[in-house]
Amino acid sequence: MLILPLALRLAPIEHGMPRNHVADTHIVKNALGMARDLDPVPPMGRYSTYPYLLSYALLPIYAVEYGAGRVLGEWSGKGEFAERLFAEPDLAHRPARYLCALLACLAPLAMFGAARSAGLKSGAWIAAYLVGTGLLHLQFSIQERPWAPLVSFMALAGWGATAFVNSGRRVHLLASAVAAGLAFATHQAGAAALGITGLAWLTCARRASADGKAAFGLGFKAVALFAVTALALGHPYYVMHGAVDKSAVAASEALGSNSISIGGQALVFAFRAETWHKLSRALVGYDPVLVILALGGLVWGLRTRAARPVTGMALLWAAFFMTNQGDHTRYLLPLSVLLALPAAAAGQWLWERRPARPLLLMLLALPLVQATRLVWVMRQEDTRAEAERALLALDLDGPIGVDCYGPEVPMNARALTRLAQHRELGGREARRVMYFEADAVPPTGEGIDVLPLESVLDYDLRTRSSWVEEEEAGRLGTDPNALLRELGMRYVLVVDRTPDNGVAPILLDPAPATLDSDGQPRPKLKPVAVQGSPLFTIHPAGDTGSVADANLPAELSFPLTQIWDLKRPGPKLELFRLPEERP
C-alpha cells in the first residue's frame with residue numbers, strides 16, 4: 001500500500017532536473033513570494049491563482065533547507081540563498097515534487113480504508129493497488145502541481161464518508177468534511193469534495209433522528225468545518241483582501257453569465273460533446289483495467305450504502321467534467337482514485353472464484369507494467385535538455401527564435417535586451433541582466449542569442465489556431481516571416497508535440513484555418529518559410545521510431561500505446577535556417 005506507490009513515484013521524480021518542463025509552477029512561486037516578502041497572505045493573483053495550502057506546507061520545508069545549507073556552508077545568508085535559487089531553481093522545485101509525491105501516496109491508503117469501511121476484504125488491497133499503480137495518478141504524482149494532493153484529500157473525504165455510513169459515528173462525517181476542506185484549500189476543484197460528505201449525510205439523514213433536527217445540526221457542523229478549513233488554510237486572502245478582482249483570475253476573458261470564479265480560477269458551464277470523446281479515450285488509455293473493473297462493480301457501488309458517496313461522486317464528476325468545455329486530461333484524476341472503490345468490488349468478486357483468479361492477476365499486472373514503463377521513460381533525458389546543449393555548442397551566425405514549449409536556453413545580454421522590449425522579464429532573467437550590467441558572467445554562463453517566440457506569438461493547439469499577440473501586431477505585423485525578419489532572427493527551433501500524426505507543427509503548417517461554431521475562420525498564421533533540411537533533429541521516439549503524441553511530462557492522449565512508442569519525454573525539435581530573403 002505504501003512501499004510500491006512510493007517507489008514508483010520516487011524513481012522518476014528527478015525528471016527534467018535541473019529544468020522544469022511543466023509550466024505550472026504556482027505553488028513554488030507562491031511560497032517563495034511569501035517568504036521573500038514576509039507576507040503569508042498575499043492578494044490572490046500576485047504570485048498564484050491557486051489556493052495557498054501547498055505553499056504553506058512548503059514554507060517550513062524551505063526554512064529547513066535554508067537552515068541546513070547554513071550549517072553545511074552552502075550559503076552564508078538569505079541573499080546568497082536567493083542567488084542560488086535564481087541560478088539553481090531546482091533547489092525550490094525538488095522539495096515541492098517530493099511533498100506532492102508523499103501526499104499522493106495518501107490516496108492508496110485512503111482508498112484501502114474506504115474499501116474496508118464499505119465491507120470489502122481482499123478488494124481493499126485491490127483498491128489500494130489500483131490507485132498506487134494507476135498510470136494517470138502516477139504521472140501527476142511526480143509533478144509539483146496540486147492535482148495529486150487534491151485527489152488524496154478527496155480520497156480521505158471518501159474514507160470518512162464510507163466510515164460514517166458504515167458506523168453512524170459523527171466524528172467520521174466531520175473528518176470527511178475536514179478532508180474535503182483540505183481538498184478545496186489545495187485547488188478550487190476541491191470544492192466538489194464536499195459533495196462526498198454531502199452524499200454520506202444524505203444517505204444517513206433519515207436514520208439520524210425522527211424529526212431531522214440532529215441530522216440538520218450535524219450537516220451544519222460539517223459544512224462549517226469544511227468552510228473554516230478551506231478558508232483558513234487555502235483562501236485566507238478573502239478575509240484579508242476581500243473579493244478577488246477579475247483581473248487576477250486566470251483566463252478571465254472566459255468569465256461570463258455561464259461561469260463563476262473562485263479565487264483565481266474560473267469555471268465555465270458549457271457543454272461540449274467532443275470533450276467526452278477525448279477524455280473517455282484518455283481515461284481508457286491511462287487506466288484500462290480500472291475502467292473495466294469499475295464498470296463491473298458500478299451496480300455494487302450504487303447499491304451498497306457505504307460505497308454510495310464515493311461512487312456517486314465519481315459519476316457526478318464524470319458527468320460534469322467529461323462533457324464540459326474544458327477538456328484537460330488532468331480533470332480525470334479524481335476518477336482514477338474514486339473509481340477504485342467499485343473496481344475493487346469487481347476485483348474481489350473475481351478473486352473469490354478460483355477459476356477467475358488467473359484472469360484477475362493478468363488484469364492487475366497491466367497497471368504495474370504500464371507504471372514501470374512510465375518510470376523508465378521519465379528517467380531518460382528530456383529532448384529539450386539535449387536541444388539546449390546542442391544550441392549552446394553550435395557557433396551560429398545569428399539569433400534563434402525558439403518555438404513555444406521549446407527549451408529554456410540561457411540568454412546573453414543582447415537576447416535579454418530584446419526580450420525586455422516584448423514582455424516583462426522573469427525573476428531569473430532580470431537577475432542575469434544585473435550580472436551583465438555589472439560586467440560579470442552569470443553562474444549559468446554567458447548564454448546565447450535566442451528569443452522565446454511565445455513572447456510575441458500565441459497558439460491554441462485544440463483548434464490549431466495561431467496569431468501574433470495583439471500588443472505586438474501593431475509594430476510587427478501579422479505575417480510571421482516579416483515578423484521574424486523584423487526581429488532579426490536567422491534560425492528557428494521548431495517544436496512539434498504531435499510529431500507523427502501527419503500534420504505539420506503549427507509554425508510550419510500550411511493547412512487552411514479551421515472554422516468556429518459560426519462558420520468563421522479562426523486566426524491562423526502563414527507558415528514560416530525555412531531553408532533546406534534541419535541542422536539537427538531530436539525525436540522523442542528515437543531516430544527510427546514514431547509517436548503521435550509527445551506531450552510528456554504533461555498529458556498524453558492515449559498512453560496505452562504511446563508510452564511504448566516514446567523513448568524519452570519532450571517534443572520533437574528541429575533547428576532550421578531562415579532564408580535570407582523571406583516571403
Tell me whether [X] contacts the main-chain N or O of [Y] through its side chain, where contact means a donor paired with an acceptor under 3.5 Å.
X: Gln188; Y: Thr49; answer: yes
X: Asn324; Y: Val268; answer: yes
X: Asp403; Y: Val495; answer: yes
X: His241; Y: Val41; answer: yes
X: Arg308; Y: Leu302; answer: yes

Please check if the number of heavy atoms outside Phe216 that lie under 6.0 Å from its CZ is greater than 12. no
Can you see whether Asp549 engages Thr498 through a side-chain donor-acceptor pair at a distance of less than 3.5 angstrom? no
Decide whether Ser55 and Asn30 meet the rule of one side-chain donor and one side-chain acceptor closer than 3.5 Å. yes
Does a salt bridge link Arg145 with Asp24, judged by any charged N lying under 4.0 Å from a carboxylate O? yes
If the threshold is 4.0 Å, N to carboxylate O, is there a salt bridge linking Glu469 and Arg423? no
From CA spacing to verdict: side chain to side chain donor-acceptor pair (under 3.5 Å), Glu472, His422: CA-CA 8 Å; Glu472 299 290 343; His422 300 282; 2.9 Å; yes
Chi angles and distances behind the side chain to side chain donor-acceptor pair (under 3.5 Å) call for Thr275, Asp327: CA-CA 5 Å; Thr275 299; Asp327 62 355; 4.9 Å; no
[atom1]-[atom2] distance between [X] and [Y], expressed to the nearest 0.5 angstrom:
X: Ser141; Y: Leu136; atom1: OG; atom2: CG; value: 9.0 Å
X: Thr162; Y: Met111; atom1: OG1; atom2: CE; value: 8.0 Å
X: Ile262; Y: Gln265; atom1: CD1; atom2: CD; value: 9.5 Å
X: Thr25; Y: Gln143; atom1: OG1; atom2: CD; value: 12.5 Å
X: Leu102; Y: Ser152; atom1: CG; atom2: OG; value: 10.5 Å

His15 vs Ile142 side-chain heavy atoms within contact, under 4.5 Å: yes
Arg330 to Phe140 six-membered ring, cation-pi geometry met (6.0 Å, 45°): no
Could you walk me through whether Tyr405 and His21 pass the ring-ring contact (aromatic ring centres under 6.0 Å, His included) check? CA-CA 8 Å; Tyr405 302 106; His21 298 302; over 10 Å; no
Among Thr329, Ile563, Leu332, exactly one meets side chain to side chain contact (heavy atoms under 4.5 Å, CB included) together with Tyr286. Which residue is that? Thr329
